[in-house]
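Heads up: numbering here begins at 1 and tracks the sequence. Because only heavy atoms are used, hydrogens play no part in the values below, and waters and symmetry mates are left out as well, while side chains stay in.
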Amino acid sequence: MGGYENGDSPAAVAGEDGVILGVDGGTTNTVCVCLPAAMPPPESPAAVPVLARAVSGSSNRNSVGESAALETLEQVMTQALAMANTDRSAVRAVCLAVSGVNHPSDQQRMLEWIRDLFPGNAKFYVENDSVAALASGTMGKLHGCVLIAGTGSIAYGVTEDGKVARAAGAGPVLGDWGSGYGIAAQALTAVIKAHDGRGPQTSLTQDILKKLELSSPDEIIGWTYADPSWARIAALVPVVVSSAEDGDEVANKILHDSVQELADTVIAVVRRLRLCGEDEKDKFPLVLVGGVLEGNKKWDISGEVIKCISKVFPGTNPIWPEVEPAIGAALLAWSHHRKGLKLENGS
């Protein structure tokens with residue numbers, strides 16, 4: 001996560017040159033990190049001097065509503081600045097990378113909102129959270145493809161000359177089936193089908209009932225609709241993985257289908273942007289982010305996804321970031337800030 005050299009305090013590192021804020025706003029939680037605006041280019045992920053890190057709840061407006069999302073974003077930025085012993089007047093640039101920002105009109109509304117929060121000449125950048133995730137694996141360079149598979153899922157790619165493309169990321173209603181929500185929702189559906197006699201019996205029934213402390217599959221219906229929030233349902237993914245590792249055929253099919261969905265999402269983006277070259281053999285970075293892609297003992301979801309993609313694109317170079325997406329967002333804001341300073345200095 002970085003640190004301070006020579007035992008300097010956060011305030012001393014920030015100095016009079018101000019600070020940079022990077023925000024990774026997700027469906028489950030929102031993270032804001034604060035960096036010194038005058039820091040030198042970091043030589044490694046461990047060298048990024050993080051002054052403060054704050055965490056809050058969901059800031060996906062499609063999940064919690066626009067008002068609640070903006071309230072969360074303001075709260076987490078305010079908290080990070082307080083932890084860094086500074087205030088809004090010290091902010092030189094902000095990158096908001098937020099899930100649910102899918103259209104230029106989304107960006108424009110958020111830009112208008114954030115300009116009212118910060119006085120002075122701070123620079124603002126609003127992106128989908130996939131941009132920050134990509135930057136976290138490439139240390140601020142926007143080139144390659146990122147696959148996010150957490151509560152939701154999305155693939156986002158950027159070419160060296162700035163062309164962009166994305167696939168999925170449309171939310172559970174429109175079928176992010178490789179996501180944590182998609183995996184867990186299919187598992188819950190499988191339990192109901194098994195109970196009705198419409199589907200095969202599965203150990204998911206007892207495993208999920210035990211996890212939820214319920215006594216009958218009938219109670220799952222009430223549990224689900226009492227609070228159908230995406231993150232709450234996605235939290236059942238470890239149960240599905242455990243059942244699959246124990247040999248349950250239904251759970252294994254859910255995971256295999258999800259792996260293919262995630263691989264197809266990446267393949268679509270890479271082909272549209274020709275990141276793999278005309279012969280589909282060129283190397284390109286593939287950044288992997290999100291709880292679904294974290295390693296498991298037996299059922300390695302990310303490993304299976306990479307196998308599927310590499311069969312199509314042998315030049316796939318998988319990267320597991322050493323810094324979190326919020327730092328990627330901050331590095332993007334810092335990079336833009338540096339470019340602005342260079343222009344102002346005539347260099």
Side-chain angles (χ1 to χ4, degrees), residues 26-29 55 57-58 60 63-64 99 147-154 168-266 288-308 320:
T27 303
T28 303
N29 56 41
V55 183
S58 173
N60 184 326
S63 177
V64 298
S99 61
L147 173 63
I148 302 176
T151 301
S153 61
I154 186 172
V173 175
L174 299 177
D176 286 352
W177 294 123
S179 68
Y181 177 93
I183 291 170
Q186 289 179 81
L188 290 171
T189 301
V191 170
I192 296 300
K193 283 187 173 182
H195 182 61
D196 290 346
R198 294 181 292 129
Q201 294 301 305
T202 168
S203 64
L204 284 168
T205 299
Q206 291 305 315
D207 292 345
I208 288 178
L209 290 176
K210 181 179 179 181
K211 175 67 175 179
L212 301 181
E213 298 181 347
L214 302 176
S215 58
S216 166
D218 290 328
E219 297 178 38
I220 289 176
I221 299 172
W223 178 89
T224 301
Y225 288 102
D227 177 9
S229 63
W230 306 345
R232 178 173 177 258
I233 291 173
L236 292 173
V237 167
V239 179
V240 184
V241 173
S242 178
S243 297
E245 290 178 343
D246 290 339
D248 185 78
E249 292 183 6
V250 173
N252 269 287
K253 185 177 187 308
I254 290 171
L255 294 187
H256 280 296
D257 290 348
S258 298
V259 162
Q260 193 61 56
E261 287 281 354
L262 293 173
D264 288 345
T265 300
V266 171
L288 298 127
V289 175
V292 171
L293 299 174
E294 293 177 356
N296 299 293
K297 292 181 180 178
K298 299 178 183 177
W299 232 113
D300 182 7
I301 295 175
S302 63
E304 293 300 316
V305 170
I306 292 166
K307 285 181 185 177
C308 288
W320 286 267

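By the 4.5 Å heavy-atom criterion applied to side chains, S179 and W230 are not counted as neighbours. Looking at heavy atoms from C-beta onward, V259 lies in side-chain contact with I301 at the 4.5 angstrom threshold. Counting only heavy atoms from C-beta outward, the side chains of S153 and E261 never approach each other to under 4.5 Å. Looking at heavy atoms from C-beta onward, H195 lies out of side-chain contact with T205 at the 4.5 angstrom threshold.
The distance from atom OG1 of T224 to atom CZ of R232, rounded to the nearest 0.5 Å, is 7.0 Å. Here the CD1-CG distance, from I192 to L204, works out to 12.0 Å after rounding to the nearest 0.5 Å. Taking CG from D246 and CG from N252, the interatomic distance works out to 10.0 Å, rounded to the nearest 0.5 Å. Here the CH2-CD distance, from W320 to E294, works out to 12.5 Å after rounding to the nearest 0.5 Å. If you take CD on Q186 and CG on L236, they are separated by 13.0 Å, rounding to the nearest 0.5 Å. The distance from the CG atom of D300 to the CG atom of L293 is 9.5 Å, given to the nearest 0.5 Å.
Closest non-hydrogen pair, G180 versus V237, comes out as O-CG2, 3.3 Å. The two residues I183 and S258 come nearest to each other via the heavy atoms CG1-OG, 3.3 Å. Of all non-hydrogen atoms in E219 and L214, the two that sit nearest each other are OE1-CD2, 3.5 Å. What you find for A185 and I233 is that their closest heavy atoms are N-CG2, 4.1 Å. Contact detail for Q260 and C308: the closest heavy-atom pair is OE1-SG, 4.0 Å. Taking both residues in full, the closest heavy atoms of E245 and W299 are given as OE2-N, 3.3 Å, listed atom of the first, atom of the second, then distance.
A salt bridge does not link K211 with D207: every distance from a Lys NZ or Arg NE/NH1/NH2 to an Asp or Glu carboxylate oxygen is 4.0 Å or more.
Remark: side-chain polar atoms of S242 are not paired, donor with acceptor, to backbone N or O of P238 under 3.5 angstrom.
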Applying side-chain contact (heavy atoms from CB on, under 4.5 Å), run through D264 and W177 and close with a yes or a no.
CA-CA 11 Å; D264 288 345; W177 294 123; over 6 Å; no
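Side-chain contact annotation: S243 with D248, donor-acceptor N/O pair under 3.5 Å absent. A donor-acceptor contact closer than 3.5 angstrom is absent between the side chains of N60 and S58.
Residues passing the side chain to side chain contact (heavy atoms under 4.5 Å, CB included) test with Q206 are L209, sequence neighbours excluded.
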